[in-house]
Protein chains: 2
Amino acid sequence: MNKVKPREANNATAVDVTDLILHDIQTGVLAPGSWLKQIDLEQRYQCTRPEVRRALDRLAQRRLVEHVPNRGYHVFEPDGRQAAEVSEIRILLEAGVADKIAANTSEPDVEALRNLASRFDTLILEGTPIELYEANLAFHHKLLSLCGNQELVNLVTEIRQRTSSAPVSQWKTRARIEQSSREHHQMIDAVAAGDGAALKDAIARHIRQD
Amino acid sequence: MNKVKPREANNATAVDVTDLILHDIQTGVLAPGSWLKQIDLEQRYQCTRPEVRRALDRLAQRRLVEHVPNRGYHVFEPDGRQAAEVSEIRILLEAGVADKIAANTSEPDVEALRNLASRFDTLILEGTPIELYEANLAFHHKLLSLCGNQELVNLVTEIRQRTSSAPVSQWKTRARIEQSSREHHQMIDAVAAGDGAALKDAIARHIRQD
DNA sequence: ATATCCAAAATTGGCGCCAATTTATGATAA
DNA sequence: TTATCATAAATTGGCGCCAATTTTGGATAT
């Protein structure tokens, strides 16, 4: 006697509520400082109370939300000092592997980078800020992954989330966005030329200005 | 039946179970690869099931334990590749701030470093491996904190935990321990001389050999 | 009118029960 | 004897209820 399984009842919950909340923090839907009321979250994301609590605890561990016992959770507000410190860390890590990136990169990798950079360029005109943000992330992720150190890629991905709580609004002016675009192409040129020193310089400048 | 009236089980412990389990992983009491059965943990640490689950989830987020759904949690077994990658990251970060350490350090700081280093030396002969491990950690923490970047200190502390799952047994031979001791003093000398380049070199060698 | 205090509502957080899944055990057949 | 399968035990994991704490609102006294 076979058991009949209800098909529509338990849909694939492969995505964690943590990621949904995280995404809304990154895109600025949940603004820095705003109160994350548990009852609101369980309605908004259609999940149970324990799921909300686990997600909030995880995000608090990652320093994306701040927790005050018996008083709830708030979206973390980035400190000026912390932001500067994290930028320094990113420069040490990302510029530090510039030589390896320049050495390891093959022609198809350069091609892929050019595609990601021009996708960013396209979205400057035609895309939403969120799409632009994600295209930028994709470019940097691809570039960094060429260093061959997977742990470093994961770490940078993590600390990049940690401070820029509302990353969508981080490029304020059009001029700054276009400056970013130019720097992307400078990095690619340095990679293609195998010039690690030039790449290191370009990466450091790029991180500093953001 | 087993409902024994808890006399002192009701103590107000501000310490989280997470830290207790973490400590036992660091000290090698819970060996890499060993299965963390929930019922065992709640007896061992005299806490409730939800507390155990929250602690395990947090440690899984930090990559200190590995989680397989419906099959439980195991102490993470460090991969050779990962260990090498984390070492590279530590070199980039810790050696990267050598100049700042050498520049920022005052005379009392040097004094404190010498005390921590000689405490390490003393414990080589008289202390337990755990005490030695903690003295080493204290020295490196103090040295690194002189760079002035608090976020970087936190990050290094975190990733140092991440890979060396049984850090107590990381110094196998006496010769290696004494080599570490000599390198500690070399670092201090470089700091005292304000020689950032020498400090950078000493830090890189020190991390590579561990 | 203003400050203080008490009660009620709202919110957070802990805990135990039970379902789902996996693992161990033993019986049966080839 | 060995492999296969069914049943029982053990383990994980989800969910709802209720206690503890905080916040809100209003009544009372000065």
Side-chain angles (χ1 to χ4, degrees), chain A residues 1-21 24-25 30-31 33-77, chain B residues 1-21 24-25 30-31 33-77:
Chain A
M1 212 173 291
N2 288 336
K3 290 199 296 183
V4 180
K5 288 197 170 184
R7 232 165 251 280
E8 70 276 0
N10 66 359
N11 47 2
T13 346
V15 284
D16 194 354
V17 198
T18 312
D19 298 323
L20 297 177
I21 301 177
D24 282 349
I25 291 175
L30 297 172
S34 62
W35 178 25
L36 299 173
K37 213 191 304 189
Q38 296 182 8
I39 193 167
D40 288 346
L41 296 177
E42 74 180 285
Q43 287 175 151
R44 178 178 231 279
Y45 301 104
Q46 286 296 307
C47 59
T48 65
R49 179 63 63 94
E51 280 178 291
V52 169
R53 291 235 299 265
R54 186 158 58 105
L56 289 173
D57 186 67
R58 286 179 174 178
L59 294 171
Q61 295 291 307
R62 294 199 225 171
R63 314 275 295 280
L64 278 154
V65 304
E66 197 181 5
H67 176 50
V68 180
N70 291 320
R71 298 190 73 192
Y73 297 80
H74 290 256
V75 178
F76 188 78
E77 293 191 87
Chain B
M1 282 296 274
N2 273 344
K3 298 237 176 180
V4 182
K5 186 65 170 61
R7 263 187 322 205
E8 52 190 356
N10 197 1
N11 49 5
T13 50
V15 288
D16 193 356
V17 198
T18 313
D19 298 323
L20 297 177
I21 301 177
D24 283 349
I25 291 176
L30 298 172
S34 62
W35 178 25
L36 299 173
K37 214 191 301 190
Q38 295 182 9
I39 195 168
D40 288 346
L41 296 177
E42 72 180 289
Q43 288 175 148
R44 180 178 229 279
Y45 301 104
Q46 286 297 308
C47 60
T48 65
R49 180 63 63 93
E51 279 179 291
V52 169
R53 292 235 300 266
R54 187 158 57 106
L56 288 173
D57 186 67
R58 287 179 174 178
L59 293 170
Q61 295 292 306
R62 294 198 224 171
R63 301 276 182 86
L64 278 156
V65 304
E66 197 181 3
H67 176 50
V68 181
N70 291 320
R71 298 186 94 208
Y73 297 81
H74 290 255
V75 178
F76 188 79
E77 293 191 89

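Each chain gets a letter, A, B and so on, in the order its sequence line appears, and its residues count up from 1.
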In whole angstrom, what separates A/Asp57's CG from C/dG13's C1'? 12 Å
Between A/Thr48 and D/dC15, is there a contact of a side-chain N or O with OP1 or OP2 at under 4.0 Å? yes
Looking at B/Arg49, I want to see if its CZ is surrounded by more than 12 non-hydrogen atoms of other residues, nucleotides or ligands under 6.0 Å. yes
For C/dT22, take OP1 and OP2 only and decide whether either is under 4.0 Å from a side-chain N or O of B/Trp35. no
Check every atom of C/dG13, D/dT11, D/dG14 against the side chain of A/His67 and return the nucleotide holding the closest atom. C/dG13
Residues in salt bridge (Lys or Arg N to Asp or Glu O under 4.0 Å) contact with B/Glu51, at least two apart in sequence or another chain: none
In whole angstrom, give the distance that lies between atom CD of B/Glu42 and atom P of D/dT12. 10 Å
Listed partners of A/Asp24 passing side-chain hydrogen bond (donor to acceptor under 3.5 Å, both in side chains), at least two apart: A/Arg44, A/Tyr45
Tell me the interatomic distance from A/Gln46, atom CD, to D/dG14, atom P, rounded to whole angstroms. 18 Å
Rounded to the nearest angstrom, tell me the gap between atom CG in A/Leu56 and atom C1' in C/dG14. 16 Å
Consider the side chain of B/Pro50, meaning its heavy atoms from C-beta on, and name the nucleotide among C/dT23, C/dG16, D/dG16 that approaches it most closely. C/dG16
Can you check the B/Arg53 CZ to C/dC15 P distance for me, whole Å? 13 Å
Smallest separation among heavy atoms of A/Ala60 and A/His67, with atom names: CB-CB, 4.4 Å
Rounded to the nearest Å, what distance is computed from the CZ atom of residue B/Arg49 to the C1' atom of nucleotide D/dC15? 15 Å
Gap between atoms CG and C1', on B/Leu41 and D/dT12 respectively (whole Å): 13 Å
Of the nucleotides C/dT22, D/dG16, D/dT21, which one has an atom closest to the side chain of A/Asn70? D/dT21
Can you tell me the distance, in whole Å, between the CD1 atom of B/Ile39 and the P atom of D/dG13? 14 Å
Under the 3.5 angstrom rule, does the side chain of B/His74 hit a backbone N or O of B/Gly33 as a donor-acceptor pair? yes
Any idea which of C/dG13, D/dG14, D/dC15 is nearest the A/Arg54 side chain? D/dG14
So, does B/Arg71 get its side chain near the phosphate of C/dT23, meaning an N or O under 4.0 Å from OP1 or OP2? yes
